[in-house]
Structure formats: structure tokens, C-alpha cells
Protein chains: 2
Amino acid sequence: MSESPLRAPSRLTIADVARAAGVSRTTVSHALNDRGQVDPRTRERVKQIAQELGYRPNLRAQRLRTGKANSIALVSSMPFSVAGGPSRLGFMMEVAGSAMEAALRQGLALVLVPPLDAAEALLDELDIDGAVVIEPAAHDRNVTQLQRRGVKVVSIGRQPEGDQALPYIDLQGYETGRILLQHLEEQGALRTALLIGTQPRHSYVDMEQAYRDFVGARDMPVIIARAEEAGGESAGREACRALLESHPGIDAICAPVDAFAVGVVKEVQARGLRVPEDIRVVTRYDGLRARSCQPPLTAVNLHLDEISALAIDLLFEHINGRTQRTVVTGPKPGLVIRASSVSPRGN
Amino acid sequence: MSESPLRAPSRLTIADVARAAGVSRTTVSHALNDRGQVDPRTRERVKQIAQELGYRPNLRAQRLRTGKANSIALVSSMPFSVAGGPSRLGFMMEVAGSAMEAALRQGLALVLVPPLDAAEALLDELDIDGAVVIEPAAHDRNVTQLQRRGVKVVSIGRQPEGDQALPYIDLQGYETGRILLQHLEEQGALRTALLIGTQPRHSYVDMEQAYRDFVGARDMPVIIARAEEAGGESAGREACRALLESHPGIDAICAPVDAFAVGVVKEVQARGLRVPEDIRVVTRYDGLRARSCQPPLTAVNLHLDEISALAIDLLFEHINGRTQRTVVTGPKPGLVIRASSVSPRGN
DNA sequence: AGGCATGCATAAATCGATTTTGGTTGCATT
DNA sequence: AATGCAACCAAAATCGATTTATGCATGCCT
């Protein structure tokens with residue numbers, strides 16, 4: 001209840017406390033930070049007085065001296081057209097939602113960096129001592145730029161061919177693929193096609209591997225298409241058109257990029273075919289896009305809340321230089337079954 | 001393409017540039033910031049050299065000296081149970097998505113502040129010079145705390161009974177209410193109930209006013225219930241139960257809090273009634289919750305992307321002290337019709 | 001008594017910029 | 001030639017903390 005008597009915005013400096021306590025600035029600093037040699041009684045008295053005065057250290061001064069920013073950034077590397085649209089950076093925002101909590105628990109502020117192209121210049125205007133990058137492509141510009149500045153970086157999802165291996169949280173892309181493909185098989189799919197992005201992301205590599213292993217073990221045909229992430233829904237749609245024309249027998253499409261998957265559904269329906277009766281469709285990220293698609297898309301629960309917290313913790317350890325951990329594996333992905341892959345009655 | 005030759009993490013100081021250019025630190029500072037009296041040729045040469053060396057000013061030093069943080073916070077005041085759950089802070093995150101872009105355009109970093117109760121202590125560990133608060137309740141702790149620190153604050157949605165009026169972006173709560181109620185009427189509703197939260201938020205005030213005006217003009221009964229935001233879905237459900245029991249004739253419920261609306265739908269269905277045939281349900285925020293409800297909820301497009309950008313701009317003006325603008329009105333809300341209020345065939 | 005730790009507190013240096021103040025120079029005016 | 005006035009540049013103060021180096025008692029030991 002002690003009504004703080006200060007009106008001026010945090011005008012108090014360490015000198016004021018020192019004067020009030022009748023000691024030097026040094027002693028105040030030592031007392032408050034539990035450092036140096038200070039008589040326990042003096043220490044307590046100083047703390048008391050600082051408390052009463054409502055003293056708060058000036059963060060900017062502290063940072064200049066200590067060289068720490070106490071803040072980290074969350075960076076998306078997806079092109080805007082995929083990230084934007086109806087879900088407006090859904091993936092990143094879902095991560096941000098739990099990451100900000102985890103960050104604040106560590107005493108770190110979380111700053112958001114949108115996937116602007118122009119962001120490059122602004123990226124090193126940021127006073128941060130670490131960054132979490134979401135699914136970086138190989139040789140991601142943001143990543144190298146940050147690392148050159150000496151900012152610690154960890155990624156959610158492994159970076160392919162990283163110049164120097166980035167510590168990362170494993171998203172278990174192979175397992176994710178396996179789960180989706182197996183589900184499609186259980187729903188009766190005999191010819192499943194894979195539609196992935198052109199950029200060198202690790203989740204595609206994993207997905208492709210899972211796909212090849214899967215169809216290889218079953219003597220199914222290998223049908224893989226690629227589309228530009230930047231093309232968003234329409235790129236997915238276009239790729240779907242090409243797929244259906246060149247491989248009429250397709251009865252399922254696995255499109256890990258949600259924007260592509262929505263495009264696929266639209267194209268299928270536009271051709272007078274039905275989802276899921278004629279073509280089953282599944283995607284990876286279970287976000288707004290997947291859920292508000294008609295029919296809603298079967299997807300995977302990646303447990304992004306836990307993943308984000310793990311990422312923050314890992315980054316924190318690396319910033320404080322007290323870890324060699326370079327891979328952290330999160331919870332197993334779980335299937336979220338929706339109407340896009342399951343026929344209304346029976347299977 | 002000029003490959004930056006520096007490897008050490010931004011070790012260069014203004015002194016290095018000064019030495020290289022053969023001038024004083026002062027002149028370098030003046031030259032780079034287009035300040036003071038410097039020979040245009042010197043100025044250009046200094047800039048050139050700084051560029052070549054890859055000099056970047058130390059942000060912490062700059063901030064200590066200038067007293068500006070160049071960052072702002074986005075603060076949610078909703079209790080976690082409403083904000084969390086399946087949509088995981090949907091409203092806040094949607095705002096964050098566009099706000100971060102707008103912020104970076106102004107050269108501001110956007111930091112996220114989760115609705116932790118414990119956040120109070122951490123809130124003034126943040127080095128920010130402004131904050132956007134989302135729909136603050138009257139006498140919101142965060143708001144007063146920030147203002148006392150001298151941090152500029154603007155809100156998205158007006159703060160009720162603000163001690164000193166907060167500049168805000170008008171969410172047009174009255175208009176939102178009118179749109180929803182009119183839609184329900186058009187769908188044949190004769191007895192619409194209103195379910196709002198107990199906390200003193202302006203959107204409730206507006207909504208209630210719109211409701212009273214609406215039913216008053218039509219000789220419909222006034223049926224208003226309130227539930228604790230902190231109770232989330234189950235509170236909404238409980239309130240719905242009470243409503244249906246005390247007013248059996250209800251044929252529509254307007255529940256602006258999406259968590260409440262979902263609770264309402266569940267309760268209605270649990271009682272063997274149908275949505276929308278027996279009870280029409282509408283909500284305000286068109287987020288994940290509204291869309292993944294079964295049936296999906298009719299809601300309102302608040303144009304949060306534009307709203308957020310307006311908020312950032314307004315805050316920016318206030319930080320730079322060059323505005324008296326205290327209210328900014330965004331785009332008109334628009335109805336998003338979904339199955340929760342429209343019967344499958346005919347109306 | 002001389003010598004040596006030891007405990008406590010302070011003065012001064014430091015972080016890297018910006019801003020204030022002051023001092024040269026060159027040129028025009030009387 | 002003396003004065004004034006810009007224009008240009010630099011030294012030093014400043015921002016508010018942390019860290020280092022130093023000083024001064026006091027107590028203990030031989």
C-alpha cells in the first residue's frame with residue numbers, strides 16, 4: 001500500500017541513494033547487487049533506503065556498463081505471403097504467445113521481428129543479446145547477419161546445411177511426415193502425392209525423406225511437387241492443378257505448408273472433385289488456416305507452446321555461455337484428425 | 001555486395017572512426033547525425049569512412065545519453081484464462097502481428113508483455129518509452145504503473161473512467177453491438193439475451209448501451225447476464241445455463257467474449273437444443289475460437305490490422321510530444337456471418 | 001613495536017555515445 | 001590595423017550505472 005511518493009519519472013539515481021544513506025555510490029551499487037565487501041548492516045540499510053525512496057536503477061546505464069540487453073528477438077524467416085493472409089503469421093504468433101511468457105520468466109524481454117525484407121537494415125538497430133529464428137532456410141540472411149553481430153541464435157526446427165551448426169529445437173519432421181502418411185493410408189489412400197516448398201528448409205527435407213521411405217516400402221509411385229512459398233495459396237493451387245493433370249490417379253495430397261494445402265483444396269473442389277472422398281488432404285501446421293478451411297484440414301499438433309519454451313531456455317543457456325547443448329527434442333507430434341481426410345461415413 | 005570485413009562483434013567505437021578520419025569524436029558524431037557545424041566535405045568523408053569501417057553506434061550508449069529506448073511494449077490486460085486456451089491470446093497476437101510491422105517502420109522495437117500477474121514487477125524492468133494496452137479495464141494496474149514511470153500509453157479500445165483520459169483507438173463498440181443485434185433480428189430472433197463480462201471494460205459498456213437501445217426500441221425484454229472473464233468457457237456455460245432456466249423463451253444470445261460464446265454453444269447443445277435453429281449465438285472477436293467452434297460463430301471483423309497500425313502511429317506521435325490527438329477512429333466493423341446464427345435453409 | 005592480513009568504504013576509471021562550451025581560423029567591415 | 005562574425009573543429013562534461021584500484025583502520029602474530 002505504501003504510496004510511492006515519487007512523481008517525476010524515475011529521476012532518482014544511485015547518487016541520490018548514496019547521499020540519503022551517507023555512503024558512496026560504490027557502496028550503494030555493491031550493496032544492492034550483493035557484490036563486494038560491505039558490512040551486512042550497511043548493506044541492509046542501503047537496501048532499505050533505496051526501497052523507501054523507490055529507487056530503480058537506470059536500465060540504459062546498466063546496460064551500457066554490463067554489455068547486456070536483457071532482451072531477445074523472435075524472428076520469422078517465412079516470406080510474407082505465406083506468413084500473412086488470414087492467419088497473419090499464425091505460426092510465428094503462436095510461438096510468440098508462449099515464448100513471451102517463457103522469456104519474461106527469465107527476465108528477458110521478447111521483441112518481435114516481422115518478415116519484412118526491409119527488416120535487414122533495422123535488424124541491427126535492435127539491442128538484443130539473442131534471437132530465436134523460426135525454421136530458417138539454409139544460409140538464411142537474418143541468421144548470418146545476427147551471428148556476425150555476435151548475437152546468439154537458436155532455431156525452432158533445424159537449419160539445413162548451416163554454415164556453423166545452429167543450436168535448435170528438433171521439430172521431428174520425419175515423424176510428422178510418417179504420422180500423416182500413415183493416417184492417409186489408413187483412410188484408404190493408395191496414391192499419395194507430396195507437395196512441398198522450394199526453399200531449403202529442413203522440415204521439407206525430413207518430410208521428403210519420410211515420404212520416400214514410406215512409398216518405397218509399399219511400392220507406391222513417388223509423386224513429388226514443389227511450389228514457391230512466396231506464391232501462397234495460388235502457388236499451391238497451381239501445383240495441385242499440375243499434379244492432378246499429370247497423375248490422374250492421385251487420391252491423397254500431403255501439403256505441409258498450410259497455405260498450399262488450402263490452395264489444393266480449392267483447386268480440387270474447383271475441378272468438381274470432393275475432399276476427402278476423391279482426394280484426401282492433410283497439412284502440417286494446425287493453425288487458423290487449417291481450421292477454417294472448408295472442409296477443415298487434418299493436421300499435426302506440434303506442441304508449439306512447449307517447443308517455444310524449450311527454445312527460450314536453450315537460448316538463455318547459450319547467452320550465459322553455460323551449455324554445449326545443441327539439439328533439444330520436444331514432445332512427439334500428434335495427429336489432429338479433421339474432415340479433410342476422413343470420409344463422413346465409414347472409411 | 002561490399003563484404004563487411006569486420007569479424008569482431010561491433011567492437012568499433014566512435015573513437016576508431018575519429019582516429020581513422022583524423023578528426024575528433026565530436027566531429028564524427030556531428031557528421032553522422034547531421035548536427036552541428038561541420039564542413040560538408042568533412043561530413044561526407046567521415047560518413048564514408050564510417051561506412052567503410054562498418055561502424056555502428058552502440059545502442060546502449062546512445063540510449064543512455066539521449067534518454068530514448070526506441071522500443072514500445074504491447075500489453076494485454078485480459079486474464080489468462082480468457083486470453084489463453086485454444087486461441088492462446090488470439091486477440092493480442094493478432095494485434096501484435098500487424099503492430100510489429102508498424103512499429104518497425106517507425107524504427108521502434110515491439111516487445112510483448114504477457115498477462116502474467118507476476119508481470120507487475122517485471123513491467124518496470126522494461127526499457128520502453130511507450131506502450132499499447134489492449135482494452136484496459138478501469139483503473140488497470142498496468143496502465144497506472146506505466147504512466148507513473150513516465151511511459152506514454154495509448155489503448156486499443158477506450159479505457160472506462162480513466163483517471164486521466166488515455167489516448168485511444170476507438171473500437172466502435174456501440175456500432176459493433178448494433179450490427180450483431182440487427183443481424184440476429186434479421187435471422188428471426190425475438191428474445192435476445194446479452195452475456196457480458198463483469199470487469200469494467202468499455203466494450204461492455206458500449207455493448208450494453210447498444211443492447212438496451214435496441215430492445216428498448218422494440219419492446220423486447222431486457223435480459224442481461226454477466227460472467228467472470230477469469231472463468232473462461234465454463235463461466236460462459238454456467239451463465240448460459242442460468243439464462244435458459246430463468247428465461248426459457250430466449251432464442252438468441254449475444255456473447256461478445258469469445259470464450260463465453262463457445263461455452264454458450266456447448267451448454268445449449270448439451271441441453272439438446274440446436275444452434276442456430278433454437279438458439280442463435282453471436283460473438284465479437286473473430287478469432288480461432290469463433291472459427292473452430294461447432295458450428296462456427298458469427299462474429300465481427302474489427303479490422304485489427306488497421307487498428308493496430310493506428311495505435312502505433314498514435315503512440316509514436318505522443319512519444320514525440322507532437323500531438324494532442326486523443327481519439328482515433330478506425331474502420332467500421334463488419335459482420336462475418338457463420339453458421340451459429342443462420343439456419344441452413346431459409347431463415 | 002614492527003609487519004601483515006583483513007574488513008570496510010571510497011575515489012576514480014570505465015562503458016560509448018551526445019551535448020556544451022570554448023578556441024582557432026579566415027574573411028569582411030570599419 | 002583593429003574589430004566582428006561566422007564557420008569549423010575539439011576538449012571536456014554528461015548520462016548513470018559497474019568495476020578496479022586504493023586508502024584506512026583494526027586486529028593478530030611474532
Side-chain angles (χ1 to χ4, degrees), chain A residues 6 8-47 49-50 53-70 107 124-129 149-150, chain B residues 6 8-47 49-50 53-70 107 124-129 149-150:
Chain A
L6 100 133
S10 186
R11 280 255 104 95
L12 250 46
T13 81
I14 201 172
D16 298 313
V17 180
R19 200 172 317 117
V23 297
S24 74
R25 299 205 303 274
T26 311
T27 302
V28 174
S29 176
H30 281 161
L32 295 181
N33 297 318
D34 288 324
R35 232 174 280 267
Q37 307 279 60
V38 181
D39 187 308
R41 295 189 305 271
T42 310
R43 195 183 290 276
E44 205 42 53
R45 194 166 54 86
V46 169
K47 282 184 176 174
I49 290 179
L53 257 44
Y55 166 77
R56 300 237 128 241
N58 178 311
L59 291 157
R60 312 200 244 262
Q62 234 168 9
R63 285 174 190 179
L64 171 58
R65 187 59 238 230
T66 62
K68 310 205 59 170
N70 287 114
D124 44 31
E125 300 284 78
L126 286 179
D127 187 21
I128 51 178
D129 27 35
R149 261 181 65 193
Chain B
L6 100 135
S10 187
R11 280 256 105 94
L12 252 46
T13 79
I14 201 172
D16 299 311
V17 180
R19 199 172 318 117
V23 297
S24 75
R25 300 207 301 276
T26 313
T27 302
V28 174
S29 174
H30 281 161
L32 295 181
N33 298 317
D34 288 324
R35 230 174 281 267
Q37 308 279 57
V38 182
D39 186 310
R41 294 189 307 271
T42 310
R43 198 183 288 275
E44 206 42 54
R45 194 167 55 85
V46 169
K47 281 184 176 177
I49 291 180
L53 257 43
Y55 166 77
R56 300 237 127 243
N58 179 309
L59 291 156
R60 312 199 243 262
Q62 234 168 9
R63 286 175 188 180
L64 171 58
R65 187 60 241 225
T66 62
K68 307 205 62 170
N70 288 114
D124 45 31
E125 301 283 79
L126 287 178
D127 188 20
I128 52 178
D129 27 35
R149 262 182 64 195

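Naming: A, B, ... by sequence-line order, numbering from 1 per chain.
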Base versus backbone protein contacts along nucleotides 19-28 of chain C [heavy-atom cut-off under 4.0 Å; B, S, -]: BB--------
Residue pair B:Val38 / B:Ala31: nearest heavy atoms and the distance that separates them: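 Shortest heavy-atom contact: CG2-N, 4.3 Å.
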Earlier contact from the 5' end, DNA chain D, for B:Thr42 and A:Gln62: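 Looking at the nearest nucleotide for each, B:Thr42 comes out on the 5' side.
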Residue whose closest nucleotide on DNA chain D lies nearer the 5' end, B:Ser24 versus A:Ile14: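 Looking at the nearest nucleotide for each, B:Ser24 comes out on the 5' side.
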Sugar-phosphate only, base, or nothing, as touched by B:Gln37 at under 4.0 Å among non-hydrogen atoms: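 B:Gln37: base contact, heavy atoms under 4.0 Å.
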NZ/NE/NH1/NH2 to OD/OE distance under 4.0 Å, B:Asp34 and B:Arg43: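 A salt bridge is present here (some side-chain N lies under 4.0 Å from a carboxylate O).
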OP1 or OP2 of C:dT10 under 4.0 Å from side-chain N/O of A:Thr27: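 So the side-chain polar atoms of A:Thr27 do come within 4.0 Å of the phosphate oxygens OP1 or OP2 of C:dT10, strictly under.
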Derivation and outcome, side-chain contact (heavy atoms from CB on, under 4.5 Å), residues B:Tyr55 and B:Leu32: CA-CA 11 Å; B:Tyr55 166 77; B:Leu32 295 181; 3.6 Å; yes
Boundaries of the DNA chain D segment in contact with chain A, non-hydrogen, under 4.0 Å: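 From 5' to 3', the first and last contacting nucleotides are D:dG16 to D:dT20.
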So do the side chains of [X] and [Y] get within less than 4.5 Å of each other, counting heavy atoms only?
X       : Y       : answer
B:Arg56 : B:Leu12 : no
B:Gln62 : B:Asn70 : no
A:Thr13 : A:Asn58 : no

Modelled atom types, side-chain donor and acceptor of A:Thr26 and A:Ser29, under 3.5 Å: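 No, because no side-chain N or O of A:Thr26 sits under 3.5 Å from a partner of the opposite role on A:Ser29.
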